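Have a look at the structure below, then the notes.
Keep in mind that the numbers below use all heavy atoms, side chains included, and drop hydrogens, waters and symmetry copies. Just so it is clear, the model here is predicted, and its values are computed rather than measured.
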Amino acid sequence: MNDDVMVATYVVVDTVLTAAGHRDHPLAQVSDAEVLTVAAVAAAYFQNHHERALQVMQGMRYLSGRLSASRFNRRLHALAPWLEALLETLGTLFATGEAFVLDSLPAPVCRRVRARRCRKVRGKPYCGYCAAKREKFFGWRLHLVTTPAGVPVAFSLLPAGLHDLTPVHELTVGLPRHAQTYTDKAYNSRADEASILAATGVRLVPIRRANMTPNTWLEKVALREHRKRIETTNSQLEAMGLQRLRARTTVGFELKVHASLLALTVINLGS
């Protein structure tokens with residue numbers, strides 16, 4: 001574990017919660033900022049295993065008091081709206097510059113062969129296909145917009161069967177005007193590119209398919225540079241266990257995804 005990352009995570013969380021007017025319960029031995037910090041540390045270093053991260057941080061006296069695993073779980077679920085609001089606030093804060101990267105990655109809830117027995121999600125919309133790995137999966141797909149440094153500024157968790165273009169308008173609406181958003185071949189759509197440019201001033205720059213007008217040499221240079229960054233970001237999320245998350249409910253699954261994005265934000269801000 002990295003002390004700098006843990007301290008930075010706590011400072012960021014506590015600052016945002018305080019600025020938003022959040023108050024801890026007067027009888028709580030461990031603050032809400034510490035609870036969210038444990039979730040982020042669990043994502044960064046324990047593959048989202050909350051109980052293990054809680055035990056280690058309490059054993060090393062990083063927390064101000066004692067907290068059982070069951071109580072931690074109840075408090076974390078109660079703080080779920082604050083965690084999502086925290087990510088939205090950070091995304092708005094760091095959505096600056098002229099270049100962004102958009103991509104998606106699988107977030108399966110179970111193996112495809114067990115899809116019929118899955119209780120968290122059901123139905124054909126959750127049956128997806130990962131072209132990079134050439135395999136089918138069952139669950140969600142995380143659509144993510146990051147800065148060139150790998151800091152998340154917008155995200156959407158949708159059923160895996162939906163097309164990558166489904167959330168693209170929502171994801172680009174908060175980006176600065178005249179920004180370039182670099183994507184892969186899955187986002188090729190002249191109609192969507194035109195509507196996004198007209199509505200937000202953001203230019204979508206996907207890798208063109210072989211039967212399309214090729215990218216300019218400037219676009220090719222930028223795509224080559226920024227595509228490496230998003231692949232690194234995807235690898236970071238995979239290392240956090242995003243594709244092997246264990247949760248009994250959809251809310252718990254979303255919590256771990258959001259905690260992973262918070263950890264990714266703090267780690268890439270410090271790199």
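- Summarising the geometry of V13 relative to A33, their closest heavy-atom pair is CG1-CA, 3.8 Å, with the distance given to 0.1 Å.
- Tracing side-chain contacts under 4.5 Å through hydrophobic residues (I, L, V, M, F, W, Y), one reaches L255 starting from Y45; they form part of the same cluster.
- The list of side chain to side chain donor-acceptor pair (under 3.5 Å) pairs with a residue in residues 244-265, not counting sequence neighbours, reads N48-S260.
- Atoms CG and CG, from L17 and L86 in turn, are 6.5 Å apart once rounded to the nearest 0.5 Å.
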Determine, stepwise, if the pair L165 / V168 fulfils side-chain contact (heavy atoms from CB on, under 4.5 Å).
CA-CA 5 Å; L165 285 167; V168 71; 4.1 Å; yes

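- Counting heavy atoms from C-beta outward, F138 and P108 have side chains that stay 4.5 Å or more apart.
- Every ring pair (Phe, Tyr, Trp, His ring centres under 6.0 Å) that H22 has, sequence neighbours left out, goes to W82.
- L157 and L162 fall into different hydrophobic clusters, where Ile, Leu, Val, Met, Phe, Trp and Tyr are joined by side-chain heavy atoms under 4.5 Å apart, directly or via other members.
- When all heavy atoms are compared, the tightest approach of L269 to F94 is CD1-CZ, 3.6 Å.
- Contact of the E238 side chain with the L242 side chain is not registered, since no non-hydrogen atoms from C-beta on lie closer than 4.5 Å.
- Within the 4.5 Å cutoff, side-chain heavy atoms of Q243 are placed close to those of P106.
- The list of salt bridge (charged side-chain N to carboxylate O under 4.0 Å, His left out) pairs with a residue in residues 189-206, not counting sequence neighbours, reads E193-R208, R203-E219.
- Separation of atoms CG (D184) and CG (L223) is listed at 10.0 Å; rounding is to 0.5 Å.
- The ring pair (Phe, Tyr, Trp, His ring centres under 6.0 Å) pairs that include a residue from residues 169-218 are Y182-H226, where partners are two or more places apart or lie in different chains.
- Distance alone, capped at 3.5 Å, places no donor-acceptor pair between the D103 side chain and the T233 backbone.
- A distance-only check finds no donor-acceptor pair linking the side chain of Q58 to the backbone of R66 [under 3.5 Å].
- Side-chain heavy atoms closer than 4.5 Å link hydrophobic residues (I, L, V, M, F, W, Y) into clusters, and following such links, even through other members, never connects V11 to I267.
- Grouping the Ile, Leu, Val, Met, Phe, Trp and Tyr side chains by contacts below 4.5 angstrom, directly or via other members, places V41 with V56.
- Rounded to the nearest 0.5 angstrom, T89 OG1 and L93 CG are separated by 8.5 Å.
- Listed by chain and residue number, S70 satisfy the side-chain hydrogen bond (donor to acceptor under 3.5 Å, both in side chains) test with S68 (two or more places apart in sequence, or in another chain).
- I230 belongs to a hydrophobic cluster whose other members, connected by ILVMFWY side-chain contacts under 4.5 Å either directly or through intermediates, are V101.
- In the hydrophobic clustering, where aliphatic and aromatic side chains (Ile, Leu, Val, Met, Phe, Trp, Tyr) are joined below 4.5 Å either directly or transitively, M212 stands alone.
- To the nearest 0.5 angstrom, L142 atom CG is 7.0 Å from L237 atom CG.
- Among all heavy-atom pairs drawn from L36 and L262, the shortest one is O-CD2, 4.5 Å.
- In terms of the ring pair (Phe, Tyr, Trp, His ring centres under 6.0 Å) criterion, F46 has no residue partners (sequence neighbours excluded).
- Residue pairs meeting the side chain to side chain donor-acceptor pair (under 3.5 Å) criterion with at least one partner in residues 138-164, sequence neighbours excluded, are S104-D164.
- For the atom pair CE of M57 and CZ of R52, the computed distance is 15.0 Å after rounding to the nearest 0.5 Å.
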Under the side-chain contact (heavy atoms from CB on, under 4.5 Å) criterion, do L261 and L144 qualify, and how do the steps go?
CA-CA 10 Å; L261 293 176; L144 185 63; 3.9 Å; yes

N73 vs E51, test: side chain to side chain donor-acceptor pair (under 3.5 Å). Steps then yes/no.
CA-CA 9 Å; N73 186 59; E51 185 174 0; over 6 Å; no

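- In this structure, CD in Q236 is found 9.5 Å from CG in N234, a value given to the nearest 0.5 Å.
- Using a cutoff of 4.0 Å between basic side-chain nitrogens and carboxylate oxygens, E225 and R229 are not scored as salt-bridged.
- Residues passing the side-chain hydrogen bond (donor to acceptor under 3.5 Å, both in side chains) test with D3, sequence neighbours excluded: Y62.
- Residue-environment remark: CD (E98) stays at or below the threshold of 12 foreign heavy atoms within 6.0 Å.
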Test L264 against M240 for side-chain contact (heavy atoms from CB on, under 4.5 Å), laying out the working first.
CA-CA 9 Å; L264 182 69; M240 293 179 188; 4.2 Å; yes

I'd like to know whether L175 forms a side-chain contact (heavy atoms from CB on, under 4.5 Å) with T200, so could you lay out the CA-CA distance, the side-chain angles of the two residues, the decisive distance to 0.1 Å, and finally the verdict.
CA-CA 8 Å; L175 301 181; T200 65; over 6 Å; no

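- Within the structure, every pair that satisfies the salt bridge (charged side-chain N to carboxylate O under 4.0 Å, His left out) test and touches residues 11-35, not counting sequence neighbours, is listed here: D32-R75.
- Taking both residues in full, the closest heavy atoms of N268 and A149 are given as CB-O, 3.5 Å, listed atom of the first, atom of the second, then distance.
- S31 and S64 make their closest contact through N-OG, 4.4 Å (heavy atoms, listed as atom of the first residue, atom of the second, distance).
- Annotation for H50 and A42: closest pair CD2-CB, 3.6 Å, computed over non-hydrogen atoms.
- The side chain to side chain contact (heavy atoms under 4.5 Å, CB included) test with F100 is passed by exactly one of T172, V153, V202: V153.
- With sequence neighbours left out, Y10 forms a ring pair (Phe, Tyr, Trp, His ring centres under 6.0 Å) with no residue at all.
- Using a 4.5 Å cut-off on side-chain heavy atoms (C-beta onward), L90 and V151 make no contact.
- Counting heavy atoms from C-beta on, the side chains of T183 and L204 come closer than 4.5 Å.
- No continuous path of ILVMFWY side-chain contacts below 4.5 Å connects L245 to L158, so the two sit in separate hydrophobic clusters.
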